[in-house]
Every structure is written in structure tokens, then in C-alpha cells.
Engineer: 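First, the structure itself, so that you have it in front of you.
In each ligand, atom 1 is the first atom listed, and ligand 1 is the first ligand listed.
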Amino acid sequence: MSVIRNNWTRNEIQALFDLPLMDLLFQAQTIHRQFFDPNRIQMSTLLSIKTGACPEDCKYCPQSGHYNTGLKKEKLLEVEKVVTQAKAARDSGASRFCMGAAWKNPSDKDFPVVLEMVRQVRDLGMETCMTLGALTPEQADALAQAGLDYYNHNLDTSPEYYAEIISTRTYQGRLDTLTYVRDAGMKVCSGGIVGMGETAADRVGLLQQLANMPAHPDSVPINNLVKVKGTPLADVDDLDAFDFIRTIAVARITMPASYVRLSAGRQQMSEQTQALCFFAGANSIFYGEKLLTTPLPEESQDVAMFKRLGLQAEGTSTPSHVIQPHAQANHPLYYAAS
Ligand code: SAM
Ligand code: DTB
Ligand code: SF4
């Protein structure tokens, strides 16, 4: 039987979570090495292209118009500004540029602007990713035609816990958008958030949904909740770091060929926890000044951590085992391991 499966039962996934940590990490790292270079990390930079005043009520989100988080709202950025930021991200070592908008879905008025952003960022030689909320099949096709590589749309949590977190959109709606993205031929980026007060069974449920999709998402962001004052989840208890690491490991085992992203929450995490996440199979991060609205670790801190761990950034189009011939090869993230 192939190790790529989409018929995981909850009991099987729970049994992975229940393994002694060393056994779980060993299994995850063994599978990781069958599919990836364990010392390469894919680097994405995020930009919020439209910030705040979102009509949705996601309880974790600083951008929801339902809560007062003191965030400065901004309308859709001009294409030129986005391209300038993308160039800066490329020059500081990111291979993918992810653009996020605080929308329920893109409007007819904004959509052509977004398509132009995709074309111009792609022309810089970067991979492109967008997260704009729900899409119609026609919008997914148009984004694919414009050259969008990835579309991010997270399931966020288990189907059972979802209603506790969001009331203005449905789980099925999220799955439908992912179907349109997949059918349009784009790569799917979909994951979730942990540390939202969910149970261990909800983390199992989330990973089961992701791992049993018709095709595994190409990229699976695992976000640790960033608690933002003013949101309903601002005071929720911290998730034990080992439970976070276990979630990464189980994502790696159940979706062996997918990039697993150690996503939001790195700034609040020790480097030792991050290192264990990489050992558990995380091989993608957000790198730069901030996520969408909250800070990331300093770039220089990430560069230093990569050096200490012997990790290297993965480039735009080079197979992971080849040393970067890209212009970014001079960047400190691309130092040649000796
Ligand atoms: N509005 C679009 C949507 O929700 O699909 C795109 C932007 S939204 C901010 C993208 C993702 O960011 C959410 O699905 C959620 O998983 C993640 N996110 C938002 N706020 C977060 C927080 N405080 N901590 C961790 N992840 C968060
Ligand atoms: C994802 O899964 N996490 C990113 C990206 N996809 C769009 C966003 C994290 C946002 C964290 C809160 C903020 O900075 O606003
Ligand atoms: Fe809006 Fe996305 Fe934030 Fe939900 S997660 S409030 S849809 S920006």
C-alpha cells in the first residue's frame, strides 16, 4: 500500500498522537526523509493587500470588523506598492510571495486589480500565493489563468468545533472553494489553527479532513493561535508546545508529500520548539517583517537560527537537493553548508 493515503480513520490518527513522543518524532522524520531534504526549508513572505474591517466573525482574527483590536484599516493596495514589496521579499530570500485580503470573497470591482498583482509578481520570478476568502469556480479559473501558483484557504479546525469559532461562513463552503481551486489546476494551501481551546479530538478531526481530501493540499499551514487583544480568543489557555509539535508530526505522517508549514506563532515560540517542529517534518515558514498584521521573529534572528541548525532556504525552481544557482545565493540564508 502506498504511504500516500486518503482514507485515514480518526482512530488511526489519534493513535499517532498517542505515541510516545520519541517514537512519533522518529516516524515523522523517517517519512520526511523519504520525500524531502531534511535541511531545506521553503520560505514565503506575506503581505496584507487589504487590511481590517472584514465582515466575517472569525474569533481568532484581528482583522474581523466584529471586534475592536485597534488595527489600522487599509483599502486595497495599489499594484505598484505590492510589486515593490514583492521585490524586497525576493531580495531578502523568499521564494514565494503570499498576498492576503480581509474579505469574505473578492468583489467584481477589486478582482481585476488582484489579477494584475498576480501577473506582475509572477513576472519577478517568484511563486505566487493568494488568500482572498471564498471563490467562485470562475474566479478560481481566472486566477489560475493569470498565473497564480497557490491559493490558501484554511479549514481552521474540525467540522465539530468550527461553529464555535465562526458563524458567518460554513465548513462546506470552505471545502467547495478548495474544490474550485484544485479543479482550476492551482496548488492548494490549506491547514488550520491550533491553540484555540479545541480538544485533542478536534486536532485529530482537522488533520483527518485535510489528509482525506481527494488530493492532499500541496502546502499545509499549521498555525499556533496568535492571541490578539480585542478578539474573543485573546485569553484562551496556551497549547502545550509538545502538543503543537505532535500536530506537526502527525500532519507530516498523514500527508507525507505535502509541505507542512510552521505558520503563525513562531514569534512566541522558542528556537528549541521550532527546531523540534522542523525535526517533526515542518519544512516551510513565513519569513519577513510580519505575518499579515502581527510580527514575525526578526529576519536576522531567523538567519542566525538557520545557521545554528544547518538549515538552508529552498529556492524558486531548483530541485531541493541542488545548491542554489539563483541570484539569492549570496543571501545569508543560502550559505553553503560545509
Ligand atoms: N480572509 C481570508 C480568509 O479568511 O480566508 C484570508 C485572510 S485570513 C487572515 C487567512 C488565515 O489566517 C485564516 O484562515 C487563519 O487560519 C489565519 N489566521 C488569522 N488570524 C490568526 C491568528 N490570530 N492566529 C493564527 N492564525 C490566524
Ligand atoms: C496561514 O495559514 N497563516 C497566514 C497565511 N496563511 C495567510 C496568516 C496568519 C495570520 C496571523 C495573524 C495576523 O498576522 O494577522
Ligand atoms: Fe476575515 Fe479572513 Fe480574518 Fe476571518 S480570517 S475575519 S475571513 S480576514
Engineer: Which residue supplies the protein heavy atom nearest to atom 6 (N) of ligand 2, what is that atom called, and how far is it?
Structural biologist: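 Ranking protein heavy atoms by distance from atom 6 (N) of ligand 2, first comes Asn152 OD1, 3.4 Å.
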Engineer: What protein heavy atom sits nearest atom 5 (C) of ligand 2, and how far off is it?
Structural biologist: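 Answer, as residue, atom name and distance: Phe286 CZ, 3.7 Å.
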Engineer: Report yes or no: does Arg169 have a heavy atom closer than 4.0 Å to ligand 3?
Structural biologist: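 True for this residue.
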Engineer: If I take atom CG from residue Leu77 and atom OG1 from residue Thr84, how far apart are they, to the nearest 0.5 angstrom?
Structural biologist: 10.5 Å
Engineer: Taking both backbone and side-chain atoms of Leu292, is any N or O found less than 3.5 Å from an N or O belonging to ligand 2?
Structural biologist: yes
Engineer: Determine, using heavy atoms of Gly100 and all atoms of ligand 2, whether some pair is separated by less than 4.0 Å.
Structural biologist: no
Engineer: Is it true that Pro62 lies under 4.0 Å from ligand 2, counting heavy atoms only?
Structural biologist: yes
Engineer: Which residue owns the protein heavy atom closest to atom 12 (C) of ligand 2, what's the atom, and how far is it?
Structural biologist: Thr294 OG1, 3.7 Å
Engineer: side-chain contact (heavy atoms from CB on, under 4.5 Å) with Leu135: which of Leu143, Asp176, Asn105?
Structural biologist: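 Only match with Leu135 under side-chain contact (heavy atoms from CB on, under 4.5 Å): Leu143.
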Engineer: List ligand 3 atoms under 4.0 Å from Cys61, heavy atoms only on the residue side.
Structural biologist: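 Here the atoms of ligand 3 in question are 3 (Fe), 5 (S), 6 (S), 8 (S).
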Engineer: Looking at atom 4 (Fe) of ligand 3, is there an N, O or S atom belonging to Cys58 that lies under 2.8 Å away from it?
Structural biologist: yes
Engineer: Short list, please: which atoms of ligand 1 are under 4.0 Å from a heavy atom of Arg174?
Structural biologist: 3 (C), 4 (O), 5 (O)
Engineer: Please indicate whether any nitrogen or oxygen in Thr293 is less than 3.5 Å from any nitrogen or oxygen in ligand 2.
Structural biologist: yes
Engineer: More than 12 non-hydrogen atoms from neighbouring residues, nucleotides or ligands closer than 6.0 Å to NZ on Lys187, yes or no?
Structural biologist: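 No, the 6.0 Å shell around NZ holds no more than 12 heavy atoms from other groups.
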Engineer: Answer yes or no for Tyr60: is there a heavy-atom contact with ligand 2 below 4.0 Å?
Structural biologist: no
Engineer: Ignoring hydrogens, just give me the one of Ser263, Ala101, Gly265 whose non-hydrogen atom is nearest atom 1 (N) of ligand 1.
Structural biologist: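 Nearest heavy atom to atom 1 (N) of ligand 1 lies in Ala101.
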Engineer: Verify the distance criterion only: is there a donor paired with an acceptor across the side chains of Ser44 and Gln42 at less than 3.5 Å?
Structural biologist: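 Gln42 and Ser44 do have a side-chain donor-acceptor pair below 3.5 Å.
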Engineer: Could you list which atoms of ligand 1 come closer than 4.0 Å to a heavy atom of His153?
Structural biologist: 5 (O)
Engineer: Between Tyr180 and Tyr151 (judged by ring centroids, cut-off 6.0 Å), do the two rings come close enough to count as a pair?
Structural biologist: no
Engineer: Counting each atom of ligand 3 from 1 as listed, which ones have a heavy atom of Ala102 under 4.0 Å away?
Structural biologist: 8 (S)
Engineer: Could you tell me, atom by atom, which parts of ligand 1 come under 4.0 Å of a heavy atom of Gly133?
Structural biologist: 2 (C), 5 (O)
Engineer: Hey, is Asn223 one of the residues with a heavy atom under 4.0 angstrom from ligand 2?
Structural biologist: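 A heavy atom of Asn223 does come that close to ligand 2.
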